[in-house]
Amino acid sequence: MAHVVLFHSAYGLRPAVEAAAQRLRAAGHEVHTPDLYEGRTAETVEEGMKIKDRIGRDELLMRAVTVTAPLSEHGLVYAGFSLGGSVAQNLALADRNARGLLLLHGTSDIAEDAAVDDLPVQLHVADPDPFEPHDWLNAWYLRMRRAGADVEVFRYPGAGHLYTDDSLADHDAEAAEQTWKTALGFLDSLEPGAGPS
């Protein structure tokens, strides 16, 4: 069993996030879904970004750390959708007990001094994705490798940005199914005794 913290996208903690968490729980993993927006949700990306900007990046990260700090002794797998992926990445790179990082639709900047010990990282992203352009992803991959992460990137041609969310126009059922199949295999590989962590 992996201990997963799954962060929502800029839309907030919507039903699609809980559905994803339930999928992971059904596979035997413990999953936490923090609400970084404290009950607020958005109907559009623009509305979600306004909520995020009102809260501020530092406050979002502080809320995320407050939730994860008591759990980190378990060796967390940090995961997130889009904006939540950015939050997850920041926390995983700062947590020496992190067991893995699962990024769905989003990445973040990487500090020059970031250093991890073979942290397993899996990224699932639409191809192309206006929020994660090819040049950015190539540079991100190289910086993550330089930091010591063991990175896999899975691209889904023709999918929309948040293609795993079946309530959005971005949804791509085939890409979503392949993503969850691959992600569950990744989580299984991070369980104690399942191989290098």
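All residue numbers refer to positions in the sequence shown, counting from 1.
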Q: Test T164 against W180 for side-chain contact (heavy atoms from CB on, under 4.5 Å), laying out the working first.
A: CA-CA 9 Å; T164 57; W180 290 121; 4.2 Å; yes

Q: Given salt bridge (charged side-chain N to carboxylate O under 4.0 Å, His left out), test E177 with R23 step by step and report yes or no.
A: CA-CA 11 Å; E177 268 314 302; R23 184 186 287 254; 3.1 Å; yes

Q.
Could you go through E46 and M49, starting from their C-alpha distance and side-chain angles, then the distance that decides it, and tell me whether this counts as side-chain contact (heavy atoms from CB on, under 4.5 Å)?
A. CA-CA 5 Å; E46 294 76 19; M49 296 305 280; 5.9 Å; no

(Q) Before you tell me yes or no, could you show the steps for R14 and D165 under salt bridge (charged side-chain N to carboxylate O under 4.0 Å, His left out), namely the whole-Å CA-CA distance, both residues' side-chain angles and the distance that decides it to 0.1 Å? (A) CA-CA 10 Å; R14 297 165 71 247; D165 188 330; 2.6 Å; yes

Q) Passes salt bridge (charged side-chain N to carboxylate O under 4.0 Å, His left out), E18 versus R25? Steps please. A) CA-CA 10 Å; E18 189 53 37; R25 291 178 187 125; 2.5 Å; yes

Q) Should V121 and E152 be marked as a side-chain contact (heavy atoms from CB on, under 4.5 Å) after you check the CA-CA gap, both sets of side-chain angles, and the distance that decides it? A) CA-CA 6 Å; V121 178; E152 291 181 293; over 6 Å; no

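Taken to the nearest 0.5 Å, the NE2 atom of H124 stands 6.0 Å off from the CG atom of L104. Rounded to the nearest 0.5 Å, atoms CG (D129) and NE2 (H134) are 9.0 Å apart. Considering CD of E174 and OG1 of T179, their distance stands at 10.5 Å, rounded to 0.5 Å. Going from atom CG of L190 over to atom CD of Q122 covers 9.0 Å, rounded to the nearest 0.5 Å. Annotation: the span from L123 atom CG to L103 atom CG amounts to 5.5 Å, rounded to 0.5 Å. Rounded to the nearest 0.5 Å, atoms CG (L102) and CD (Q89) are 12.5 Å apart.
The side-chain heavy atoms of M144 and L101, taken from C-beta on, include a pair separated by under 4.5 Å. Residues D150 and R145 meet the side-chain proximity criterion, which asks for heavy atoms closer than 4.5 Å. E47 has its side chain out of reach of K50: every pair of non-hydrogen atoms, C-beta onward, lies at least 4.5 Å apart. At least one side-chain heavy atom of T68 sits less than 4.5 Å from a side-chain heavy atom of F7. Counting heavy atoms from C-beta outward, F154 and V125 have side chains that stay 4.5 Å or more apart. Contact check for Y78 versus D95: side-chain heavy atoms found under the 4.5 Å cut-off.
Remark: the backbone N or O of V67 is not paired with any side-chain donor or acceptor of R63 at under 3.5 angstrom. Not one N or O on the side chain of Q178 forms a donor-acceptor pair closer than 3.5 Å with the backbone of A173. Side-chain atoms of E132 come within 3.5 Å of backbone N or O of T107 as a donor-acceptor pair. The main-chain N or O of L162 is found under 3.5 Å from a side-chain atom of D170 such that the two form a donor-acceptor pair. Without hydrogens or angle criteria, H29 side chain to A2 main chain gives a donor-acceptor distance under 3.5 Å. In this structure, the side chain of H8 engages the main chain of L36 through a donor-acceptor pair within 3.5 Å. Judged by distance alone, the side chain of Y37 and the main-chain N or O of G48 form a donor-acceptor pair under 3.5 Å.
Residues A21 and L6 share a closest heavy-atom pair of N-CD2, 4.0 Å. In plain terms, the two heavy atoms of A149 and V116 that are nearest each other are N-CG2, 3.5 Å. Summarising the geometry of A10 relative to A42, their closest heavy-atom pair is O-CB, 4.3 Å, with the distance given to 0.1 Å. What you find for L119 and A92 is that their closest heavy atoms are CD2-CB, 4.2 Å. Closest non-hydrogen pair, A175 versus A159, comes out as CB-CB, 4.2 Å.
Annotation: E59, atom CD; neighbour count of heavy atoms from other residues, nucleotides and ligands within 6.0 Å is above 12. Taking a 6.0 Å sphere around CG of D135, one finds it holds 12 or fewer heavy atoms contributed by other residues, nucleotides or ligands.
In the hydrophobic clustering of this structure, L83 groups with V65; members are Ile, Leu, Val, Met, Phe, Trp, Tyr whose side-chain heavy atoms approach within less than 4.5 Å, directly or through other members.
With sequence neighbours excluded, no residue forms a ring-ring contact (aromatic ring centres under 6.0 Å, His included) with F81.
Y156 and Y163 have tilted rings, their planes meeting at an angle from 30° to 60° on a 0 to 90° scale.
Looking at S72 and N97, their side chains never bring a donor and an acceptor atom within 3.5 Å of each other. Between the side chains of S9 and H105, no donor-acceptor pair is found at a separation under 3.5 Å.
Geometrically, R143 engages W136 in a cation-pi contact, judged by NZ or CZ lying under 6.0 Å from the ring centre and within 45° of the ring axis.
Applying the side-chain contact (heavy atoms from CB on, under 4.5 Å) test between I55 and each of E38, R40, M62 identifies R40 as the sole match. Across V77, V31, L71, a single residue satisfies side-chain contact (heavy atoms from CB on, under 4.5 Å) together with V5, and that is L71.
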